[in-house]
**Q** 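Got a structure here, written out as structure tokens. Questions coming.
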Amino acid sequence: MQRPVVSIEDVVVTYRSKRRHTALTSVQGMSLEIGAGEFVGLVGESGSGKSTLANAILRLLTGGGEVERGRISFNGQDLLALSEDALRAVRWQDIAVVLQSSMNALNPVATVRSQFRDVIRAHRRSSWSEQQVDAEISRLLSLVKIDPKYASAYPHELSGGMKQRVAIALALVLDPRLVIMDEPTTGLDVIIEHEILTDLRELQRERGFAVLLISHDLGTILEVADRVLVAYAGRIVEDRPAEALLNHPLHPYTRALLDCYADPGADQVRITYIPGQPPNMAALPPGCPFWPRCAEAEERCKQGRVPPPTVLESGGMAACHHAAAEVAAVDSARISGAVYVKSSTNPNVNREPVITVSDVSKTYHRERRPVVALRGVSLSLPRGTVTALVGGSGSGKSTLARLITGMERPDRGTIRFDGQDIPRLGRRGLHAYRQHVQMVFQDPFAALNPMNTVGYTLIRPFVNYGRMSSAEAFDRVRQLLEQVGLTPAEAFFGKHTGELSGGQAQRVVVAKALAADPDVLVADEPISMLDVSIRAGILRLLDDLRTQRGFTLLYITHDLLSARLLADQVIVLDRGEIVEQGLASDVIRSPQHEYTRLLLRSIPNPRRRMLPPKAQVSH
Amino acid sequence: MRYLIKRLAFLLFTLWLAVTLNFLIPRLMPGNPAQIMVQKLVGEGPVNPQLVRAVGIMLGLPRGTLWHQYGLYVYNLLHGNFGVSYTYFPYPVMTVIAQALPWTLILLGTTTIITFILGTALGALAASRRGTWFDTTATITANFTATFPFFWTALMALYVLGFVLHWFPQSGGYDAAMMPQWSATFVLSAVYHSVLPALVIVVTGTGGWLFGMRNNMIHVLGEDYVRLAMAKGLPRREIALAYGARNAILPNLTGFAMSLGTLVGGSILVETVFSYPGMGYLLFNAVGNSDYPLMQTIFLFITIGTLIANFVADILYGVLDPRTRRGGVSA
Amino acid sequence: MRAVVASLVSSFGLLWSNWRARLGLVMVGGFIVIAILAPWLAPYSPTSQAFGRMLPPSAAHLLGTTQLGQDVFSQLIWGARTSLLVGAAAGGLVTLIAIVIGLLSGFLQGWVDDVLMLLTNVALVIPGFPLMIVLSAYIPVHGVGVIIIVLSVTGWAWGARVLRSQMISLRSRDYVASAEFSGESVLRIVFREILPNMTSLIAASFMGAAMGAILGEAGLEFLGFGNPQVVSWGTMLYWAENSSALIAGQWAWIFAPGLALALLGVGIAFINFGIDIISNPKLEA
């Protein structure tokens with residue numbers, strides 16, 4: 001590595017709340033270096049401390065966070081010791097950032113142009129004339145593929161993807177040495193996310209700035225980064241060149257994360273998932289923080305101090321007792337959690353349909369402008385099968401879910417269930433219908449009332465639909481909790497939503513949907529808000545429950561890998577129209593429509609690295 | 001543009017409603033003004049119905065169907081004819097009001113602008129120096145002053161600054177020995193007399209704006225765009241103004257109606273305490289003398305003034321928020 | 001109901017943990033105790049005219065006597081009852097109207113919402129205090145009850161508006177849709193799922209409305225538009241002003257009821273400050 005642009009040594013960050021008298025150390029001693037022009041990826045799940053670290057570099061910590069220890073140096077000067085004025089000179093001039101949820105990163109009352117101008121002015125690039133400044137803004141916008149005419153637009157006039165591109169252009173305006181990007185594409189459409197990252201990688205290569213890209217998604221990071229750091233429970237557990245990490249992951253956590261990915265087009269798709277929950281920073285176990293979820297944990301892992309980083313001869317670092325030994329083993333056996341395998345099968349999708357949707361259209365009116373969500377969509381859900389409805393954002397897939405569950409009515413078309421036309425049902429009819437058709441929501445924390453306990457939430461469907469007393473329902477709720485893997489059930493009864501992890505909360509949501517004993521379950525992106533390591537567990541749960549109980553599942557997703565794992569039938573939706581449908585294995589393995597292929601290409605896939613142009617030529 | 005039309009439509013609607021409400025209140029309320037007046041003259045005891053009728057005619061009380069009365073009322077209103085004041089008989093109400101209106105317009109207009117600017121600025125400052133002694137002092141002081149009853153603050157100011165210290169005159173809008181005229185000495189006297197009432201309104205009225213602005217600003221300072229502005233290395237002042245205050249002032253304008261209502265109510269009390277020759281004091285006297293035409297017209301004028309001030313605040317909001325310029329969703 | 005109680009209890013704990021709110025609770029609690037114990041705390045009857053007129057403060061009459069020879073200190077203690085009664089009753093009524101209109105408007109949406117919102121916006125821009133004055137001028141009976149009704153009719157708009165926007169935001173939450181999937185009735189969704197999430201906002205509106213009502217009542221009575229025979233802080237100030245108490249050097253007669261009003265107001269404002277912090281943790285300082 002060349003001389004590092006930024007070097008971070010043993011940084012510890014603690015959040016303190018005065019009112020609650022609590023202190024949470026979310027970064028527990030991270031060290032890393034970023035070389036000039038290097039593209040470094042930092043991957044981690046919730047609670048890994050990755051965003052905190054990113055914010056600590058430019059001293060942008062909020063919410064009572066403070067760097068307790070360590071050194072962050074840029075070009076030899078300690079950023080933590082700089083005066084406010086000296087730090088201001090470093091900010092943006094040398095290190096720029098693209099924030100997480102950049103949706104809200106632009107000042108809503110200022111034009112795009114003025115948000116470029118104020119930073120240019122603040123750093124006294126006064127030798128530039130007005131025209132030069134404007135020309136530079138236009139050039140930067142073109143660079144990120146935004147029409148320069150949008151310089152005079154206000155943020156609310158841009159789409160999410162455009163805002164993100166503007167945020168990237170803004171980061172480059174002073175030609176910084178390093179750009180820190182904190183989940184820059186989270187929440188965007190998969191295809192747009194892929195485009196932006198591809199363009200970013202190209203830009204970075206042309207202009208030679210270094211990047212620290214932070215993401216929860218190892219697939220994304222491996223596609224673009226030169227070097228990958230894996231964070232877990234506030235520490236870096238592995239730090240290696242991307243190729244090496246991909247081919248010989250050393251830390252069991254890294255290996256387990258890699259095994260969450262697979263090629264959806266393969267004959268046999270096999271992913272594994274990591275048992276347990278992401279770390280609770282308020283109560284870490286002694287020893288290695290990963291041991292409760294690690295298949296290779298030994299006695300020495302479970303006690304004493306955290307395994308120290310082992311510097312590897314082949315370059316890089318891993319913080320695991322096994323690491324040093326395993327460098328030699330070229331093809332170590334990969335074991336972690338339970339395995340989830342899906343082979344090509346020929347499911348029977350010719351059974352009689354439970355729900356038939358015919359020629360349904362829906363248009364929304366947003367600020368007096370019509371937005372067509374669905375255009376003449378027809379489909380049927382064969383009894384006892386899994387149908388995956390796949391599409392990007394704006395494809396209309398969630399609208400279809402809302403129509404099928406009776407939450408909204410279509411402008412045109414019919415939706416038939418058991419001889420009734422759902423859009424025509426009144427309040428009473430819908431009440432009866434919902435006993436048969438239940439919904440699993442995207443964000444479990446939004447779908448559970450923060451004021452209610454798990455027990456109350458689960459008892460209600462039994463009381464309402466099963467006409468049981470609370471006491472009778474109690475037993476059923478216990479069985480249900482056990483069925484969705486929340487054991488011991490008694491421990492979860494009195495818990496409020498805030499006391500659950502994401503995976504647990506989503507299991508409660510699934511349990512609640514099943515409490516009504518429905519014929520059809522509609523699951524709207526049930527795993528997209530969850531940590532990567534627990535996603536497969538929820539998928540597996542849905543699959544198992546379906547086999548046991550025989551309900552029909554409509555699984556809505558943007559992700560073809562999970563569709564392949566779960567579904568018998570796949571329907572691809574683009575801009576409100578069905579563009580392709582058929583057996584899951586057929587559609588995904590040999591897609592006919594260009595949009596399906598685009599979706600497939602956009603899935604983060606660690607095994608498809610965006611290789612430098614030179615390397616591609618030599619192939 | 002659509003936003004402007006919407007606000008204008010709302011203004012016209014509320015104006016019409018205020019006019020109609022003003023028409024309906026006396027008719028929906030129990031009792032008859034002439035009766036009440038006669039009762040006042042007679043004191044306890046039986047009232048002669050004929051006398052009541054006679055007084056009614058003398059006062060020009062309306063007769064005929066409700067619709068007819070309404071038409072006549074609107075017609076008169078449009079011609080600036082609000083009837084005759086009972087107390088200042090035979091002067092028309094309009095003449096009486098014309099003398100009081102400028103005093104209130106100037107006093108309340110100036111103090112509204114001062115309290116808004118002062119409260120907003122102090123609130124922004126408190127939020128951007130959150131947790132410092134300035135913030136604590138400002139919020140605790142405002143906690144007290146904003147809950148002081150207007151009239152009590154006025155009485156205290158009157159006692160200490162007027163009665164004990166003799167720094168300011170104790171009552172009136174100008175020196176009693178002078179005649180209202182456009183001369184330097186008169187204007188000076190008027191300003192001197194208005195300092196104390198204005199001071200009371202400002203001291204009591206600023207707190208509301210301060211709290212509103214401080215809370216909005218704290219909220220805004222936690223937004224991502226402010227964090228990005230810090231990352232950009234912009235000077236602290238610029239972040240506080242161009243990013244923080246510029247965004248936080250918008251909700252403060254939405255809350256304008258409530259704070260203005262407090263000020264208008266407060267100014268009536270303050271005018272009464274200082275016997276200030278404005279609309280509030282006039283209203284107080286009109287009610288005390290059962291001068292219904294005068295009272296109702298004053299209420300109408302105060303309402304119209306408030307509606308227009310709110311309209312101006314709405315327009316200002318529209319100008320400051322680019323999101324209302326196109327489409328326009330906020331109410 | 002149990003969830004509401006539980007949330008109230010935990011909210012109270014949070015309130016208590018903020019020093020300003022704690023001070024506010026102690027202050028308002030103190031006034032409540034004084035109001036309840038007035039017959040035992042007050043040295044004399046507040047209406048007894050058995051003493052010398054316009055006496056200055058002394059050991060027998062801590063705050064002096066009125067122009068009719070009544071004990072000011074006893075009136076001050078009894079006056080707490082009126083202010084608290086008006087605050088609680090008008091605050092409660094205002095909050096009730098605001099809840100009904102705000103929830104209805106926010107939950108039903110459509111034309112009902114349009115109509116109710118127009119009504120609310122109108123009520124918001126029409127200046128309340130002058131309207132109170134005009135209304136009280138027309139109503140032949142004067143008294144605390146009338147004032148409470150007038151205050152309620154003129155004071156609900158702001159609360160309704162705030163509750164409506166909260167309702168709209170909560171209504172679109174997934175857990176509300178989720179409750180529909182659990183087969184809950186509309187009433188149960190509104191009162192069991194949504195309302196408990198609004199407690200701090202409702203408490204804040206109640207406090208704000210109570211404070212507005214207390215100040216409004218005092219203002220009306222000070223102007224003489226209430227019933228001057230009732231013993232309250234507002235009427236005390238009315239009589240003091242009409243008897244030129246300041247010029248006569250009876251400063252305690254004016255100072256004390258005003259200070260009592262201010263302290264009660266500050267206490268309520270402090271409580272609201274704490275509620276604000278609970279409902280918006282960003283404000284925590």
Side-chain angles (χ1 to χ4, degrees), chain B residues 10 13-14 17-18 21-22 25-26 29-31 36 130-131 135-136 139-140 143-144 146-153 155-156 158-159 163 211 215 218-219 222 255 257-258 260-262 264-266 268-269 272-273 280 283-284 286-288 290 292 295-296 298-299 302-303 306-307 310 331, chain C residues 20 24 117-118 121-122 124-141 154 157-158 161 211-212 214-216 218-219 222-225 233-234 237 240-241 245-247 251 254-255 257-259 261-270 273 276 280 282-285:
Chain B
F10 182 71
F13 176 75
T14 43
L17 210 75
L21 193 70
N22 203 40
I25 287 178
M29 287 294 158
I36 295 171
R130 193 152 158 220
D135 181 28
T136 315
T139 50
I140 291 181
N143 249 335
F144 275 93
T147 49
F148 284 169
F150 272 93
F151 56 94
W152 183 65
T153 318
L155 284 171
M156 287 298 118
L158 186 70
Y159 181 65
F163 184 72
F211 276 114
N215 287 4
I218 286 174
H219 185 79
M258 196 171 83
L260 184 66
T262 314
V264 170
I268 291 175
L269 290 161
T272 309
V273 170
L283 178 65
F284 169 71
V287 174
S290 299
Y292 292 95
M295 176 183 90
Q296 272 181 259
I298 294 171
F299 174 64
I302 292 178
T303 309
T306 313
L307 294 182
N310 271 311
Chain C
R20 259 184 254 223
M117 230 25 235
L118 187 65
N121 282 333
V122 167
L124 195 63
V125 289
I126 295 214
F129 194 67
L131 183 60
M132 279 181 219
I133 292 179
V134 170
L135 286 178
S136 65
Y138 276 106
I139 296 173
V141 248
T154 52
W158 184 255
R161 187 153 139 174
M211 195 160 98
I214 288 169
L215 291 178
F222 169 70
L223 292 179
F225 301 151
W233 295 336
L237 286 160
E241 164 80 349
L246 280 184
I247 295 160
W251 59 270
I254 284 201
F255 186 73
L259 187 69
L261 273 170
L263 286 179
L264 182 57
V266 170
I268 295 175
F270 273 166
F273 202 86
D276 245 8
N280 187 359
K282 272 187 186 172
L283 295 176
E284 182 186 336

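Order of the sequence lines fixes the chain letters, A, B, ..., with proteins taken first and strands second; residue numbering starts at 1 for each chain.
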**Q** List the atom of C/Ala137, the atom of B/Tyr292, and the distance in Å for their closest heavy-atom pair.
**A** O-OH, 3.7 Å
**Q** To the closest 0.5 Å, what do you measure between CG (B/Leu307) and CD1 (C/Ile126)?
**A** 6.5 Å
**Q** Does any heavy atom of chain C fall under 4.5 Å from the side chain of B/Phe211, the backbone, both, or neither of them?
**A** side chain
**Q** Which region of B/Thr262, side chain (C-beta onward) or backbone (N, CA, C, O), has a non-hydrogen atom less than 4.5 Å from a non-hydrogen atom of chain C, or is it both or neither?
**A** neither
**Q** Counting only non-hydrogen atoms closer than 4.5 Å, does B/Leu21 touch chain C with its backbone (N, CA, C, O), its side chain (CB onward), both, or neither?
**A** side chain
**Q** For residues B/Phe10 and C/Val122, report the shortest heavy-atom separation together with the two atoms involved.
**A** CZ-N, 4.1 Å
**Q** Report the distance from atom CZ of C/Phe273 to atom OG1 of B/Thr139, rounding to the nearest 0.5 Å.
**A** 5.0 Å
**Q** Which atoms of B/Asn310 come close to chain C, meaning under 4.5 Å heavy atom to heavy atom: side chain ones, backbone ones, both, or neither?
**A** side chain
**Q** How close do B/Asn143 and C/Ala269 get, counting heavy atoms only, and between which atoms?
**A** OD1-CB, 3.5 Å
**Q** Need one label for C/Leu237: side chain, backbone, both or neither, based on atoms under 4.5 Å from any heavy atom in chain B.
**A** side chain
**Q** Between C/Leu259 and chain B, with a heavy-atom cut-off of 4.5 Å, which part of the residue counts as in contact: side chain, backbone, both or neither?
**A** both
**Q** If I compare all heavy atoms of C/Ile133 with all of B/Leu283, which pair ends up nearest, and what's the gap?
**A** CD1-CD2, 4.0 Å
**Q** Using heavy-atom distances under 4.5 Å, tell me whether B/Thr303 contacts chain C through its side chain, its backbone, both, or neither.
**A** both
**Q** With only heavy atoms counted, which part of B/Leu155 is less than 4.5 Å from chain C, the side chain, the backbone, both or neither?
**A** both
**Q** Should the pair C/Phe225 and B/Phe284 be assigned to parallel (<30°), tilted (30 to 60°) or perpendicular (>60°) ring geometry?
**A** tilted
**Q** Between B/Tyr159 and chain C, which part of the residue has a heavy atom less than 4.5 Å away: side chain, backbone, both or neither?
**A** both
**Q** Between C/Leu131 and chain B, with a heavy-atom cut-off of 4.5 Å, which part of the residue counts as in contact: side chain, backbone, both or neither?
**A** both
**Q** Sequence neighbours excluded, which residues qualify as side chain to side chain donor-acceptor pair (under 3.5 Å) partners of B/Gln296?
**A** C/Tyr138
**Q** Please report the closest heavy-atom contact between C/Pro127 and B/Val264, naming both atoms and the distance.
**A** CB-CG1, 4.3 Å
**Q** Excluding sequence neighbours, so at least two apart, what forms ring pair (Phe, Tyr, Trp, His ring centres under 6.0 Å) with B/Trp152?
**A** B/Phe148, C/Phe255
**Q** Calculate, to the nearest 0.5 Å, the distance between atoms CG and CZ belonging to C/Leu261 and B/Phe151 respectively.
**A** 5.5 Å
